[in-house]
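As the structure is a computational prediction, the values presented were derived from the model and not from experiment.
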Amino acid sequence: MHRTGYARLGRQFGRFLWENYRLLIFLALFLIGAVNGCTVFAGLSPEKRTLLSGILRLSEVPSAVGPFLSAVLSSALLLLLLLAVLFLSGLSACGIPGIASVPLLYGLATGMTEGCCHAAGGWLATAVLVVPPAMVGAWTLLMACAESTRMTLRLGGQLLPSQKLCGNLWEEFRLYLFRFSAFLLLAFGAALLGVI
């Protein structure tokens with residue numbers, strides 16, 4: 001009885017891995033980047049750490065609306081730039097290298113921010129101030145990576161000589177635009193969470 005339960009669980013897990021292997025690859029790239037970011041920050045000299053801490057330092061957000069919106073926009077800048085790279089890479093037939101670099105770069109930035117925050121305030125400060133917005137941002141970018149990969153593979157498939165029907169990508173492109181609009185909203189949500 002137990003063997004059949006474990007076998008069924010193993011089959012379900014194998015099916016999950018097979019159906020989501022692209023997403024898991026992007027997650028692995030993000031985690032590699034985060035570990036490397038922490039390692040790079042730990043290996044810096046004290047002068048460079050101080051300089052980087054000055055760049056990455058957390059500051060108090062004023063309660064006025066204008067400075068608050070400015071802080072949200074500056075917090076969302078990295079995510080917006082990476083989403084733009086993903087959007088444009090997805091519209092290319094050979095966009096996979098650009099797509100694969102995005103989770104790695106975001107992981108590197110997240111790891112360096114975590115190292116800086118840990119050096120300034122410890123594990124609790126890192127867990128409260130850095131991890132929640134970073135996880136929402138990573139979740140957004142992983143979904144955007146999967147969507148960009150889908151679109152770039154679809155466009156690359158149009159170039160194959162065996163492809164009988166070329167074109168007819170208008171509906172795919174509209175879905176692509178809609179999903180990236182949702183990713184933009186999620187990026188601003190991650191930035192708002194980081195500022196709050």
Just verifying a value: how many Å separate [X] [atom1] and [Y] [atom2], rounded to the nearest 0.5 Å?
{"X": "Leu24", "Y": "Leu29", "atom1": "CG", "atom2": "CG", "result": "11.0 Å"}
{"X": "Trp170", "Y": "Leu175", "atom1": "CH2", "atom2": "CG", "result": "12.0 Å"}
{"X": "Thr140", "Y": "Leu82", "atom1": "OG1", "atom2": "CG", "result": "11.5 Å"}
{"X": "Asn20", "Y": "Leu142", "atom1": "CG", "atom2": "CG", "result": "11.5 Å"}

Taking all non-hydrogen atoms of both residues into account, name the closest pair between Leu86 and Ser148 and its distance.
->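 Here Leu86 and Ser148 meet closest at O-OG, 2.7 Å.
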Might you point out which heavy atoms bring Leu23 and Met143 nearest each other, and give the distance in Å?
->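 The pair with the smallest heavy-atom distance is CD1-N, 4.5 Å.
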Could you list the donor-acceptor pairs under 3.5 angstrom formed by side chains in residues 182-196, with sequence neighbours left out?
none

Pairs touching residues 126-159 that satisfy ring-ring contact (aromatic ring centres under 6.0 Å, His included), sequence neighbours left out |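 Residue pairs with at least one partner in residues 126-159: there are none.
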Would you list the pairs meeting ring-ring contact (aromatic ring centres under 6.0 Å, His included) in which at least one residue belongs to residues 73-103, sequence neighbours left out?
->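 Only Phe87-Tyr176, Phe87-Phe180 qualify under ring-ring contact (aromatic ring centres under 6.0 Å, His included).
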Following the transitive rule for hydrophobic clusters with a side-chain heavy-atom cut-off under 4.5 Å over Ile, Leu, Val, Met, Phe, Trp and Tyr, establish whether [X] and [Y] coincide in one cluster.
{"X": "Tyr106", "Y": "Leu108", "value": "no"}
{"X": "Leu141", "Y": "Leu27", "value": "yes"}
{"X": "Val131", "Y": "Leu79", "value": "yes"}
{"X": "Leu31", "Y": "Leu105", "value": "no"}
{"X": "Leu153", "Y": "Phe173", "value": "no"}

List in chain and number order the residues that pass side chain to side chain donor-acceptor pair (under 3.5 Å) with [X], two or more places apart in sequence or in another chain; answer none if no residue qualifies.
{"X": "Ser45", "value": "Glu47"}
{"X": "Gln12", "value": "none"}
{"X": "Arg15", "value": "none"}

Under the salt bridge (charged side-chain N to carboxylate O under 4.0 Å, His left out) test, which residues partner Arg11, sequence neighbours left out?
->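 Salt bridge (charged side-chain N to carboxylate O under 4.0 Å, His left out) check on Arg11 returns nothing, list empty.
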With Arg150 via salt bridge (charged side-chain N to carboxylate O under 4.0 Å, His left out) - residues at least two apart =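 Arg150: salt bridge (charged side-chain N to carboxylate O under 4.0 Å, His left out) contacts with Glu147, Glu172.
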Is the closest side-chain heavy-atom distance between Thr149 and Phe26 below 4.5 Å?
->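 Yes, at least one pair of side-chain atoms sits under 4.5 Å.
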Please set out all donor-acceptor pairs under 3.5 angstrom arising from side-chain atoms of residues 90-101, sequence neighbours excluded.
residue, atom, partner, partner atom, Å
Ser92, OG, Cys94, N, 3.1
Ser101, OG, Gly98, O, 2.8

Please output the side-chain donor-acceptor pairs of residues 36-44 that fall under 3.5 Å, not counting sequence neighbours, one pair per line with the distance.
residue, atom, partner, partner atom, Å
Asn36, ND2, Ile32, O, 3.3
Thr39, OG1, Val35, O, 2.8

Leu77: which other cluster members, linking ILVMFWY side chains closer than 4.5 Å, directly or transitively?
->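 Members besides Leu77, by chain and number: Leu81.
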Name all residues meeting the ring-ring contact (aromatic ring centres under 6.0 Å, His included) criterion together with Tyr21; count only those two or more places apart in sequence or in a different chain, and write none if there are none.
->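 If we apply the ring-ring contact (aromatic ring centres under 6.0 Å, His included) test to Tyr21, skipping adjacent residues, the hits are Trp18.
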